[in-house]
Number of protein chains: 2
Amino acid sequence: MARPRKFQAEAAVAKAMEVFWEKGYAAATPQELGERMGLGRGSLYNAFESKQGLFECVLRHYHAHEAPKLLAFLTRPGPVKARLRALFLAVIEIDVADPERRGCLAINTAIELAGRDAAAAQLAARMFEQTEAAFLSLIEEGQRTGEVDATRDARELASFLLNNLTGLRVLGKTAEDTTRLTRIVDALMRSF
Amino acid sequence: MARPRKFQAEAAVAKAMEVFWEKGYAAATPQELGERMGLGRGSLYNAFESKQGLFECVLRHYHAHEAPKLLAFLTRPGPVKARLRALFLAVIEIDVADPERRGCLAINTAIELAGRDAAAAQLAARMFEQTEAAFLSLIEEGQRTGEVDATRDARELASFLLNNLTGLRVLGKTAEDTTRLTRIVDALMRSF
DNA sequence: GCAGTATTTGACCCTAAGGTACAAAACGAC
DNA sequence: GTCGTTTTGTACCTTAGGGTCAAATACTGC
């Protein structure tokens, strides 16, 4: 056959993800991408068509491996509302503690590239769907167990939760501490 | 004295704002900035220290002239809640109708530059404050007139509204129509 | 109408972005 | 061991980013 590649594709993409996550798409240079991924420009462009192509892989990777880490809070044992609150508070902690202010890559991508890169926008949108879906099934669970008012439109609540999670991740970008964000979570949990 | 500048500073900054708003900070080039502002590179760098300096002026301009356009919805006549709903629905319409998907410059800036440009981050944060303050005084008005439950923490509600507005503007980036966003506003208005 | 100051023009500079081209190397099949 | 294929690394290319500078110019105060 042929010469096998020396690098692990997934590992390299994970490294690239770090760069794009820290800097955004436009500010990430092929130079730094190559260095952090541990491969030369040749290999980089051989394995991934272009910067755009690489970024698409990165988004898929984030979708498949990074986003689920947070959503895992929703499938833990315990009361539905407690799980929700735990997720929101964890996100707040993570965002405020991060000196790089990376936030959420899906949101960052939607902000930076929606309207100029259809593929990226679509992948970001898919992640929003995914998150909303996770909220939806949790809400429905809560409605079955009586923890959540069953007369409310579950879909509406799920969208509402998604919206608040999104807002928090943006406000977390400039928040100096968690007080305002926690206050928001309080209001949110009180609202349904 | 000296030769007077040929261009109107405010008008030029407004033009620059368009560019940064459409493209983001990193993707806006001095070339395009100069062209759209109607002045050569020399003049550009003479009047504004640097790309960063210009961007700061742009943010101040947005803060002073663009953000108030939306917040004006809150000071119109009519019931407090109706005004709030009107603002949210207007934002949704604007965002979904915009083919450029510009969204909100304050949010875009927070996402792109928080953690790497302290001045920009601070200006974005100030705009969040401004918006929250507008919500706060409206809520307080509602509490005085009895339109809003006076037992609730007005500050909490104001932060909550800010968070939802922020979320909407992000989700609006990838939304194909207004259905989900309207649903969110419904949930929000029902929640207090 | 001249002096003095500030603006404008446009050429110019250096670095890097983003990508390509190609030789050499590394393997598996046979 | 050779062949054929794929990776790699390096050198290279073009365009543009971000910015500077000197000269030319246009005002105002006197």
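Keep in mind the model is a prediction, meaning the values are calculated, not measured. What's counted below: heavy atoms across the whole structure, side chains too, no hydrogens, waters or symmetry copies.
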Can you measure [X] atom [atom1] to [N] atom [atom2] for me and round it to whole angstrom units?
| X | N | atom1 | atom2 | value |
| --- | --- | --- | --- | --- |
| A:Glu32 | C:dT15 | CD | C1' | 16 Å |
| A:Tyr45 | C:dT20 | OH | C1' | 10 Å |
| A:Asn46 | D:dT5 | CG | P | 16 Å |
| B:Phe48 | D:dG18 | CZ | P | 17 Å |
| A:Tyr25 | C:dA17 | OH | C1' | 11 Å |
| B:Met37 | C:dT7 | CE | C1' | 15 Å |

| A:Tyr25 six-ring face occupied by A:Lys51 cation (under 6.0 Å, within 45°) |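 Flagged: A:Lys51 positioned over aromatic ring of A:Tyr25.
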- Message: Taking the nucleotide of DNA chain C with the nearest heavy atom to each, does A:Gly42 or A:Ala28 sit closer to the 5' end?
- Response: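 Going by which nucleotide is closer to the 5' end, it is A:Ala28.
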| request: Using a heavy-atom cut-off of under 4.0 Å over every strand shown, decide if B:Ala27 touches base, sugar-phosphate, or nothing. | output: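 Since no nucleic acid heavy atom lies under 4.0 Å of B:Ala27, the category is nothing.
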May I ask you to evaluate whether B:Ser43 reaches the phosphate of C:dT7, defined as a side-chain N or O under 4.0 Å from OP1 or OP2?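 Indeed not, no polar side-chain atom of B:Ser43 lies that close.
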Next item on the list: Please confirm whether any donor atom in the side chain of A:Arg41 sits under 3.5 Å from an acceptor in the base of C:dG18, or the reverse.
Entry: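 Pair found.
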- Salt bridge or not for B:Asp98 and B:Lys173, using N-O below 4.0 Å?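 Looking at B:Lys173 together with B:Asp98, the answer is no, because their closest N to O distance does not fall below 4.0 Å.
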Margin query: Does this structure show an ion pair linking A:Arg183 with B:Glu132, if we count only N-O contacts that are shorter than 4.0 Å?
Written below: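 Salt bridge present between A:Arg183 and B:Glu132.
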Do A:Val96 and A:Ile94 belong to the same hydrophobic cluster, where Ile, Leu, Val, Met, Phe, Trp and Tyr are linked whenever their side-chain heavy atoms lie under 4.5 Å apart, directly or via other members?
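Yes, A:Val96 and A:Ile94 fall within the same hydrophobic cluster.
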